[in-house]
Q: 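Starting off with a structure, shown below.
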Amino acid sequence: MALKLLLFGRQGAGKGTQSALLAKQYGAPHISTGDMLREAVAEGTEFGSQAQAYLDSGSLLPDEIMMGIITERFAHADVRANGFLLDGFPRTVGQAEALLAITDVDLAVNIEVPREVVLERLSSRRVCKNCNAIYSTAEPPTSPWTCDVCGGEVVQRADDTPEAIGRRLEAYERDTVPAIDLFETRGLLVTIDGLGRPEDVTDRIVAAIDARVSA
Ligand code: ADP
């Protein structure tokens, strides 16, 4: 089955963690625009060096650039065959409208976690530079700080600083909440409680997907 799913939620709500778990369950590719942009930065391309200023400051890239990235990614065989788990896109009403012009969507999941909780999660978050696996100071890899999955270096993200976190949360309220409302208006949104163990959150999302997709 090709699942076409969008994941919304504040920074630190668990979109990346849930996408990895859902990708295993449904076989749809996890497409994280943040990961793709960080890869471009790491590769040192000209585009990467332009993107870096946005990422470091926690500001959104222009919609046209993001749409170009998504259109290109959607042309790959895995998306055509298995759908997508979109994490971090769309983030504005413009992106949401442009997305709906090129594809239909089965469901948009909004992972709800209060601001106080995400602030705490983000300050302790650590990620693998190589494969993007997510850890925290409370749950480090078995051998600190080497990734259990790929052996890469596990670090704090450059934009997990108090200033950039503040700017990203502001952009979320200002730009992304209206995009979420658009999916609600279309009857495509389900809101899930994002507190508790990651596996429990996954179970809630799976129940919501199965109720919708098999209905
Ligand atoms: P977070 O959700 O924690 O901010 P992401 O990894 O999803 O982290 O995104 C990191 C950064 O990448 C954002 O702050 C922004 O600069 C850029 N970015 C990612 N997705 C988009 C998007 N859809 N539109 C514009 N900018 C984006």
Side-chain angles (χ1 to χ4, degrees), residues 5-20 22-23 30-43 45 47-74 84-103 105 108-115 117-136 154-180 182-183 194:
L5 190 81
L6 311 184
L7 283 155
F8 288 109
R10 289 193 173 88
Q11 286 71 14
K15 298 185 295 294
T17 304
Q18 292 304 322
S19 299
L22 292 167
H30 172 206
I31 301 179
S32 158
T33 44
D35 287 349
M36 290 167 83
L37 293 168
R38 280 185 288 278
E39 275 156 31
V41 171
E43 280 164 10
T45 58
F47 169 67
S49 55
Q50 287 164 6
Q52 182 162 25
Y54 289 95
L55 266 81
D56 285 352
S57 70
S59 326
L60 295 181
L61 277 82
D63 286 351
E64 310 77 70
I65 295 184
M66 296 310 302
M67 226 25 236
I69 293 175
I70 287 295
T71 308
E72 201 271 326
R73 184 65 186 82
F74 272 21
F84 49 77
L85 303 171
L86 268 183
D87 158 12
F89 186 95
R91 254 184 225 236
T92 65
V93 169
Q95 292 178 13
E97 287 172 343
L99 177 72
L100 288 172
I102 61 164
T103 182
V105 165
V109 174
N110 184 17
I111 306 175
E112 182 57 38
V113 175
R115 189 184 160 95
V117 176
V118 300
L119 284 172
E120 205 176 296
R121 286 188 186 176
L122 290 171
S123 61
S124 61
R125 171 161 76 180
R126 299 294 182 270
V127 295
C128 173
K129 263 168 105 169
N130 182 46
C131 77
N132 304 306
I134 300 166
Y135 300 91
S136 75
V154 174
V155 298
Q156 182 162 35
R157 258 171 55 173
D159 63 347
D160 279 346
T161 61
E163 301 75 35
I165 289 171
R167 202 162 298 134
R168 280 149 61 211
L169 286 169
E170 240 171 64
Y172 189 80
E173 300 300 331
R174 185 186 58 235
D175 301 316
T176 308
V177 169
I180 298 174
L182 187 147
F183 290 94

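Small disclaimer: the values here were computed from a predicted structure and weren't measured. Each ligand, and each atom within it, is numbered from 1 in the order the structure gives.
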Q: Show which atoms of ligand 1 fall inside a sub-4.0 Å distance from at least one heavy-atom site of Phe89.
A: 23 (N)
Q: For atom 15 (C) of ligand 1, which candidate among Gly34, Gly94, Ser59 holds the nearest heavy atom?
A: Ser59
Q: Have a look at Leu61, Ile70, Thr176, Asp160 and point out the one with the heavy atom closest to atom 25 (C) of ligand 1.
A: Leu61
Q: Identify the protein heavy atom lying closest to atom 8 (O) of ligand 1, giving its residue, its atom name and the separation to 0.1 Å.
A: Arg157 NH2, 2.9 Å
Q: When you measure from the side chain of Lys15 to the backbone of Gly9, do you find a donor-acceptor pair of N or O atoms at a distance under 3.5 Å?
A: yes
Q: Please state which part of Arg125 comes within less than 4.0 Å of ligand 1, counting heavy atoms only: side chain, backbone, both or neither.
A: side chain
Q: Return the closest protein heavy atom for atom 4 (O) of ligand 1 as residue, atom name and distance.
A: Arg168 NE, 2.8 Å
Q: Just go through Gln11, Lys15, Arg91 and tell me whose heavy atom is the nearest to atom 7 (O) of ligand 1.
A: Arg91
Q: Give the atoms of ligand 1, by number and element, whose distance to some non-hydrogen atom of Leu60 is under 4.0 Å.
A: 25 (C), 26 (N)
Q: For the pair Phe183 and Phe8, name the ring-plane relationship: parallel under 30°, tilted 30 to 60°, perpendicular over 60°.
A: tilted
Q: In terms of side-chain geometry, is the basic nitrogen of Arg168 or Asp160 positioned less than 4.0 Å from the acidic oxygen of its partner?
A: yes
Q: I'd like to know whether Phe84 forms a side-chain contact (heavy atoms from CB on, under 4.5 Å) with Thr103, so could you lay out the CA-CA distance, the side-chain angles of the two residues, the decisive distance to 0.1 Å, and finally the verdict.
A: CA-CA 11 Å; Phe84 49 77; Thr103 182; 3.8 Å; yes
Q: Would you compute the distance between atom OG of Ser57 and atom CD of Gln52 and round it to the nearest 0.5 angstrom?
A: 10.5 Å
Q: Write out the residue and atom name of the closest protein heavy atom to atom 10 (C) of ligand 1, then the distance separating them to 0.1 Å.
A: Arg38 NH1, 3.7 Å
Q: With a 4.0 Å heavy-atom cut-off (strictly under), which part of Leu37 contacts ligand 1: side chain, backbone, both or neither?
A: side chain
Q: When rounded to the nearest 0.5 angstrom, what is the spacing between CG in Leu22 and OG1 in Thr17?
A: 10.5 Å
Q: What are the two closest non-hydrogen atoms of Met67 and Ala98, and how far apart are they?
A: SD-CB, 3.5 Å
Q: What protein heavy atom is closest to atom 20 (N) of ligand 1, reported as residue, atom name and distance in Å?
A: Thr33 OG1, 2.8 Å
Q: Select one of side chain, backbone, both or neither to describe which atoms of Met36 lie under 4.0 Å from any atom of ligand 1, heavy atoms only.
A: neither
Q: Might you confirm whether atom CD of Gln50 has over 12 heavy atoms from other residues, nucleotides or ligands at distances under 6.0 Å?
A: yes
Q: Within ligand 1, which atoms have a heavy atom of Tyr54 less than 4.0 Å away?
A: 16 (O)
Q: To check you understand the geometry: which heavy-atom pair defines the closest contact between Leu37 and Ala51, and what is its length?
A: CD2-CB, 4.4 Å
Q: Please report which non-hydrogen protein atom sits nearest to atom 24 (N) of ligand 1, along with the residue it belongs to and the distance in Å to one decimal place.
A: Gln95 NE2, 2.9 Å
Q: Could you pull out the closest heavy-atom pair between Leu55 and Asp159, with the gap in Å?
A: O-CB, 3.4 Å
Q: Give the residue, atom name and distance (to 0.1 Å) of the protein heavy atom nearest atom 11 (C) of ligand 1.
A: Leu55 CG, 3.9 Å
Q: Examine Gly12 against ligand 1 and note whether any of their N/O atoms are separated by less than 3.5 Å.
A: no
Q: Please determine whether side-chain contact (heavy atoms from CB on, under 4.5 Å) holds for the pair Lys129 and Arg38, giving the CA-CA distance in whole Å, both sets of side-chain angles, and the decisive distance to 0.1 Å.
A: CA-CA 9 Å; Lys129 263 168 105 169; Arg38 280 185 288 278; over 6 Å; no
Q: Does even one non-hydrogen atom of Arg10 get within less than 4.0 Å of ligand 1?
A: no
